[in-house]
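Accompanying notes for the structure given below.
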Amino acid sequence: MKKLAINGGEKLRTTPFPAYNTIGIEEEEAVLRVLRSGKLSTFLGTWHDDFFGGPEVRALESEWAAYFGVKHAISVNSATSGLYAAIGACGISPGDEVIVSAYTMSASATAALVYGAIPIFADIEEDFYCLDVKSIETKITPRTKAIIVVDIFGQPYDVEAINTLAKKYNLFVIEDTAQAPGAMLGEKYAGTLGDIGVYSLNYHKHIHSGEGGIIVTDDDVLADKIRLIRNHAEAVLSARGIKDKSELINMVGYNYRMTEIEASIARCQLKKLPSLLTQRLENTAYFNEQLAQIPCIKPTKIREGAKHAFYVHPLQFDAEVAGMHRNRFIDAVKAELPPTLLREESVVLLSYGYVKPLYLQPLYQEKIAFGRDGYPFNLSEVTYPKGLCPITEEMHFNRLVTHEFMRPGMGKADMDDVVQAFVKVWDNRAELV
Ligand SMILES: *Cc1c(COP(=O)(O)O)cnc(C)c1O
């Protein structure tokens, strides 16, 4: 008789795991307050007090700025919009090059493309999965204008080394902090470590308002431009004055405005961030301690001086110790476990790797973005061959394991079931080889 569920044995657990649901009475009351006010958004594109949005939007922005210790916080309707506005505000132009991690969510790189710039993918650190400063340096050319660093999985990027390099070459550092609200390096919050930081408030993130994003910066000029891009940019003359035509660069506005309802929810969610983060850290510590009994799973490494935010819990798999490929082992663990409530039907929150290295997606392989002629790739000699970022490929295809079982709402018994699934597969691994 086989024991492992993947071979027809009994599953270790079938009752779904509890949902991660941070929405409560506070959000309910906030939404009702806004609905009853009748003001669901008061944004105006013209130069007027309402150019800056309504009371909830402004309260959220000032609370966010105070929490993260930054001069400007600007709400938008998604982190994707936030990244686009950030690139626009930096004056990035067609044919410019923007260095970006190969291992991130697609929007980190499309932000460059929408302004006609060329994403140049650099490799990641083997321990922390963030952009590797050594790889960045090999990719810098006279056309490089910015680096998009990503605090991937909740780990702050290599701030000192990358900021020093950026300064040397006069490059903007845009920090994609979608996965790391509340992470820190030393005394500073992730998101405030570069020139511009972008947080996400989408449903899958630590805190959310359904959809939403926040851009932060200490730079007044960048903040002005971001507010213009967010809101049609027709007010550019009044907002910036046109001393010089360069003020008009990228002042082609979008509508990235957040509604009052979303802002009221995000305000409640921000208050919950500290306790949600503490629970993530405690749960992750428990997993690290318990999973230490599985010899083929290596512990998570955290950058010196950093506080990790654990959007997901990254682990590394040692195939030699296991005597099999990662995917075989992880498939067997997944087969033992149930899905999680409020997530897509039947999804077990355990994966090998994260997303496919971005340059392997069709957009880059075919080099077709806007229109028929391959713009903006046709402005460049760039190529995106397999093997471009070897560490990213090794982590994605062979070594990295991520799971989300450390999200608040999981009790000790739930976490123990996850651990026991790993133990069961390890103990019965002979069935798999
Ligand atoms: C979620 C995410 C985004 C995009 O966030 P949205 O708010 O959904 O647009 C961008 N970058 C990273 C790294 C993310 O995880």
Side-chain angles (χ1 to χ4, degrees), residues 18-82 84-85 177-178 181-182 191 197-216 223-224 226-235 238-239 253-279 341-344 407-409:
Y20 178 58
N21 186 356
T22 61
I23 301 297
I25 190 81
E26 306 80 2
E27 286 79 3
E28 216 174 279
E29 284 170 357
V31 168
L32 282 175
R33 179 179 75 232
V34 172
L35 281 176
R36 286 177 182 146
S37 78
K39 289 187 184 175
L40 307 196
S41 173
T42 64
F43 270 110
L44 276 182
T46 50
W47 193 238
H48 180 279
D49 199 40
D50 286 347
F51 174 79
F52 298 98
E56 296 289 338
V57 159
R58 290 202 220 179
L60 168 64
E61 291 178 346
S62 66
E63 286 158 13
W64 197 280
Y67 186 100
F68 290 96
V70 64
K71 193 164 177 194
H72 302 277
I74 302 159
S75 61
V76 279
N77 58 5
S78 70
T80 301
S81 305
Y84 290 11
T177 325
V198 180
Y199 301 87
S200 173
L201 290 167
N202 93 20
Y203 178 62
H204 296 283
K205 299 295 166 27
H206 293 65
I207 56 172
H208 77 96
S209 51
E211 304 287 350
I214 309 273
I215 309 165
V216 295
D224 269 2
I226 289 165
R227 290 194 182 96
L228 282 160
I229 293 169
R230 162 176 77 172
N231 189 6
H232 304 300
E234 63 193 75
S238 325
Y254 294 90
N255 177 349
Y256 292 156
R257 306 176 312 203
M258 181 183 267
T259 69
E260 289 288 284
I261 294 176
E262 290 156 338
S264 75
I265 298 170
R267 291 178 68 195
C268 301
Q269 290 273 295
L270 178 60
K271 293 201 183 81
K272 298 180 180 179
L273 181 61
S275 87
L276 291 170
L277 210 51
T278 302
Q279 291 173 60
L341 294 172
L342 280 188
R343 282 294 284 264
E344 305 89 288
R407 300 190 310 169

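Just the heavy atoms: all of them, side chains too, but no hydrogens, waters or symmetry mates, feed the values below. What you are looking at is a predicted structure, and each value in this text was computed from that prediction instead of being measured.
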Report task. Begin with the C-alpha distance, continue with both residues' side-chain angles, and end with the deciding distance and a verdict on side-chain contact (heavy atoms from CB on, under 4.5 Å) for I265 and I23. Result -> CA-CA 9 Å; I265 298 170; I23 301 297; 4.3 Å; yes
Query raised in the report: Under the side-chain contact (heavy atoms from CB on, under 4.5 Å) criterion, do I261 and V31 qualify, and how do the steps go?
Result: CA-CA 6 Å; I261 294 176; V31 168; 4.0 Å; yes
Query raised in the report: Could you walk me through whether K271 and E26 pass the side-chain contact (heavy atoms from CB on, under 4.5 Å) check?
Result: CA-CA 10 Å; K271 293 201 183 81; E26 306 80 2; over 6 Å; no
Query raised in the report: Can M258 and S209 be said to form a side-chain contact (heavy atoms from CB on, under 4.5 Å), step by step?
Result: CA-CA 10 Å; M258 181 183 267; S209 51; 4.3 Å; yes
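Identified under the side chain to side chain donor-acceptor pair (under 3.5 Å) test for residues 31-46, with sequence neighbours left out: R33-E56.
Side chain of E260 to backbone of V57: a donor-acceptor contact under 3.5 angstrom is found. Judged by distance alone, with hydrogens and angles left aside, the side-chain atoms of N231 form a donor-acceptor pair with the main-chain N or O of F51 at under 3.5 Å. Remark: the backbone N or O of H208 is paired with a side-chain donor or acceptor of Q269 at under 3.5 angstrom. Under the 3.5 Å distance criterion, the side-chain polar atoms of R58 are matched with a main-chain donor or acceptor of G53.
In this structure, OH in Y256 is found 8.0 Å from CG in N77, a value given to the nearest 0.5 Å. Atom-to-atom distance recorded for E61:CD and H72:NE2 is 11.0 Å, nearest 0.5 angstrom. One finds the CG atom of L40 at 6.0 Å from the CG atom of L35 (value rounded to the nearest 0.5 Å). The structure places CZ of R230 at 3.5 Å from CZ of F43, a figure rounded to the nearest 0.5 Å. Atoms CG and CG, from N21 and L342 in turn, are 5.5 Å apart once rounded to the nearest 0.5 Å. Considering OG of S81 and CD1 of I74, their distance stands at 13.0 Å, rounded to 0.5 Å.
Contact detail for Y20 and P408: the closest heavy-atom pair is CD1-O, 3.1 Å. In terms of heavy-atom proximity, L228 sits nearest to A235 at CD2-C, 3.7 Å. Closest approach of H48 and D50 over heavy atoms only: ND1-N, 2.9 Å. In terms of heavy atoms, A73 sits closest to I214 at CB-CG2, 4.0 Å. In terms of heavy-atom proximity, I215 sits nearest to A85 at CD1-CB, 4.0 Å. The nearest pair of heavy atoms linking P18 to G409 is CG-O, 3.2 Å.
A59 is linked by a side chain to side chain contact (heavy atoms under 4.5 Å, CB included) to E63, R267, counting only residues two or more places apart in sequence or in another chain. Residues passing the side chain to side chain contact (heavy atoms under 4.5 Å, CB included) test with E28, sequence neighbours excluded: I25. For L273, the side chain to side chain contact (heavy atoms under 4.5 Å, CB included) partners are Y67, F68, P181, H206, I207, L270, not counting sequence neighbours. In this view, E27 and K272 satisfy the salt bridge (Lys or Arg N to Asp or Glu O under 4.0 Å) rule, not counting sequence neighbours. For K71, the side chain to side chain contact (heavy atoms under 4.5 Å, CB included) partners two or more places apart in sequence, or in a different chain, are D218, D220.
Residues V198 and T80 fail the side-chain proximity criterion, which asks for heavy atoms closer than 4.5 Å.
Judged purely by distance below 3.5 Å, without hydrogens or angles, the side chains of S78 and E211 never pair a donor atom with an acceptor atom.
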